[in-house]
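Read through the structure below, which is laid out as structure tokens, and then see the notes.
All of these numbers come straight from a predicted model, not from anything done at the bench. For ligands, and for the atoms within them, numbers begin at 1 and follow the listed sequence.
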Amino acid sequence: MSTRSSRPHVVLGVSGGIAAYKACELLRRFTESGYDVTVVPTAAALQFVGAPTWSALSGKPVSTEVWDDVHLVPHVRIGQTADLVVVAPATADLLAKAAHGLADDLLTTTLLTARCPVVFAPAMHTEMWDHPATAANVATLRERGALVIEPAEGRLTGADTGKGRLPDPAEIYAIATDLLARGGSLAQDLAGAHVVVSAGGTREYLDPVRFLGNRSSGLQGYALARTAAARGAEVTLIAANVTLPDPAGVKVVRVETTAELQAEVMAAATAADVVVMAAAPADFRPATFTESKIKKAEDGTSPEIRLTQNPDILAGLAQDRPHPDLVVVGFAAETGDTHGSVMDHARTKLARKGCDLLVVNDVGGGKVFGSEENEAVILGADGSSTSVPRGSKSAVAQAIWDRVAPLLNAR
Ligand code: CTP
């Protein structure tokens, strides 16, 4: 009998692509977060990263063939005891084998015996990804319930660029662990919806090198974009000064100022079903922009900065919608004060902004900013209220989509 660890057992399948080296970082993320990981590389994967690396990083022996340790029946046991299988990178060949049930090595036999959630993170050249054979294999795997992450766009192995890069390991990790947290399957209840999410904090320039900014990290907005894509949505993410890796399968539009953010949000909103304003646009900007760098005055006096108010993008969008079916979701970062509690301020803000849902964060004492965790209350214009307990920003994002999906279906 095999002794099962109480930690979730993840099988990390690695097939033979140059992106195999990035799977080392993915492996580290799993092990450092306490997962029990068995790495199953293909023989071709070992051409890129050797067995000692996988073994050292996972703390376990590594085999590729069903002929190793036959008495332990590894081709059945590894799949049977897995709580999650993640294949990263998944080559075109591996996807084809998985789609057709071929089983000629330890990874492909494991895929046939596993009954847990399976995530494929493909990486290949654009032509191979676009080929009808690969498209059909991906469709087959998705129909059977596997989560096939869209590859990222960018530089490929050679000088070429295009769709086919392995998504950032942090993104694969977030998608995989989120899937586990959701009980192993993600409803495709946002399929067909076009979702626009804004994220990050705007910069308002004083001169070519100085700006007024804020502490928004973009983590919550990126989690919203990632989880919406995983639930089937077409996602446009408008990111203000965020340094996080692009979420897989998401169109990212980069902006700096509130004026740029407003222009991109309004342009994207016309074709959107829902806009979620998770960004922190600056409420004020310098009244004047100085074309050249502001110098210190010789007499030691300091410059006075006069501010002017920025447009309220959320209120403008909610009150003058480009089409009546658009769902508008706002965020409220609140602290209680002598005029009222966090929730008093939030209810007033929901009415003032005119949005359908308001996600309320208590930011007293600098909580939330840059943190991996969040907690929130989601207020509805219909008077409803949903508490989202403290958890990952992905979990909060999922709770927001749980509230948005019925609104979309009702329209
Ligand atoms: N927001 C916006 N445009 C702005 C400022 C904020 O669209 N110029 C959006 C944010 O993206 C967020 C919501 O409004 O979804 C709430 O922002 P918040 O800063 O909490 O509220 P304020 O409108 O600034 O109100 P106050 O400062 O009085 O709390």
Side-chain angles (χ1 to χ4, degrees), residues 195-205 211-225 236-242 253 255-269 272 274-287 307-322 326-369 374-381 388 393 396-397 400-401 403-404:
V195 163
V196 174
V197 178
S198 71
T202 60
R203 292 177 177 177
E204 307 298 334
Y205 281 89
F211 58 82
L212 301 178
N214 64 66
R215 292 170 59 188
S216 178
S217 64
L219 282 167
Q220 186 62 70
Y222 272 52
L224 278 157
T236 303
L237 173 62
I238 304 172
N241 312 297
V242 183
V253 178
V255 296
E256 283 197 80
T257 65
T258 297
E260 290 166 5
L261 179 64
Q262 182 182 37
E264 293 296 345
V265 167
M266 297 318 262
V274 51
V275 175
V276 182
M277 284 295 299
D283 288 327
F284 306 98
R285 66 179 184 278
L307 299 175
T308 188
Q309 203 151 333
N310 269 329
D312 187 323
I313 305 169
L314 175 65
L317 186 67
Q319 288 157 28
D320 188 14
R321 302 186 189 211
L326 182 70
V327 174
V328 180
V329 182
F331 271 71
E334 300 289 351
T335 58
D337 58 24
T338 50
H339 300 292
S341 68
V342 166
M343 281 305 139
D344 295 336
H345 289 305
R347 279 265 166 229
T348 308
K349 190 171 286 183
L350 175 66
R352 179 162 49 84
K353 302 254 185 184
C355 47
D356 301 296
L357 296 174
L358 189 71
V359 183
V360 186
N361 296 131
D362 179 347
V363 291
K367 281 184 272 182
V368 179
F369 296 107
N374 201 359
E375 63 184 305
V377 176
I378 307 172
L379 298 182
V388 186
K393 287 189 172 173
V396 173
I400 294 168
W401 295 127
R403 286 296 313 272
V404 168

**Region of A280 engaging ligand 1 - heavy atom pairs below 4.0 Å** = neither
**Request:** Go through the side-chain N and O atoms of H345 and D337 and say whether any donor and acceptor fall under 3.5 Å apart.
**Result:** yes
**Complete:** Closest non-hydrogen contact found for A199 with L237 is CB-CD1, 3.9 Å
**Request:** Starting at CZ of F331, measure out to CG of L314 and round the result to the nearest 0.5 Å.
**Result:** 11.0 Å
**Fill in**
atom 17 (O) of ligand 1: closest protein heavy atom, distance to 0.1 Å, is F331 O, 3.7 Å
**Asked** Heavy-atom contact under 4.0 Å between A278 and ligand 1?
**Response** no
**Request:** Identify, for atom 3 (N) of ligand 1, the protein heavy atom at the shortest distance, and state residue, atom and that distance.
**Result:** I313 N, 3.1 Å
**atom 11 (O) of ligand 1: nearest protein contact (heavy atom, Å)** = A279 O, 2.7 Å
**Message:** Heavy-atom distances under 4.0 Å decide this one: backbone, side chain, both or neither, for H345 against ligand 1?
**Reply:** neither
**Asked** At what distance is the nearest protein heavy atom to atom 14 (O) of ligand 1, and which residue and atom is it?
**Response** K353 NZ, 2.8 Å
**Asked** Between the side chains of D283 and Q309, is a donor N or O closer than 3.5 angstrom to an acceptor N or O?
**Response** no
**Request:** Looking only at protein heavy atoms, identify the closest one to atom 8 (N) of ligand 1 and say how far it is in Å.
**Result:** P311 O, 2.9 Å
**Prompt:** Does any donor atom in the side chain of T202 or T257 lie under 3.5 Å from an acceptor atom in the other side chain?
**Reply:** no
**Message:** Pairs of nitrogen or oxygen atoms closer than 3.5 Å, one from M277 and one from ligand 1: do any exist?
**Reply:** yes
**Rounded distance (nearest 0.5 Å) linking atom CE of M277 with atom CG of L261** = 5.0 Å
**Sub-4.0 Å atoms of ligand 1 with respect to non-hydrogen atoms of A333** = 20 (O)
**Prompt:** Can a salt bridge be assigned to the pair D344 and K349 using a cut-off of 4.0 Å between side-chain N and carboxylate O?
**Reply:** no
**Request:** May I ask you to decide if T258's main-chain N or O and N310's side chain share a donor-acceptor pair within less than 3.5 Å?
**Result:** no
**Prompt:** Should one rank K349, R352, E334 by closest heavy-atom distance to atom 20 (O) of ligand 1, which comes out on top?
**Reply:** K349
**Nearest neighbour in protein (non-hydrogen) for atom 5 (C) of ligand 1** = D283 OD1, 3.2 Å
**Complete:** among protein heavy atoms, the one nearest atom 7 (O) of ligand 1 is L314 N, 2.7 Å
**Prompt:** Counting from 1, what ligand 1 atoms have a heavy atom of G330 closer than 4.0 Å?
**Reply:** 15 (O)
**Request:** Nearest 0.5 Å please: distance from the NZ atom of K393 over to the CG atom of L219.
**Result:** 5.0 Å
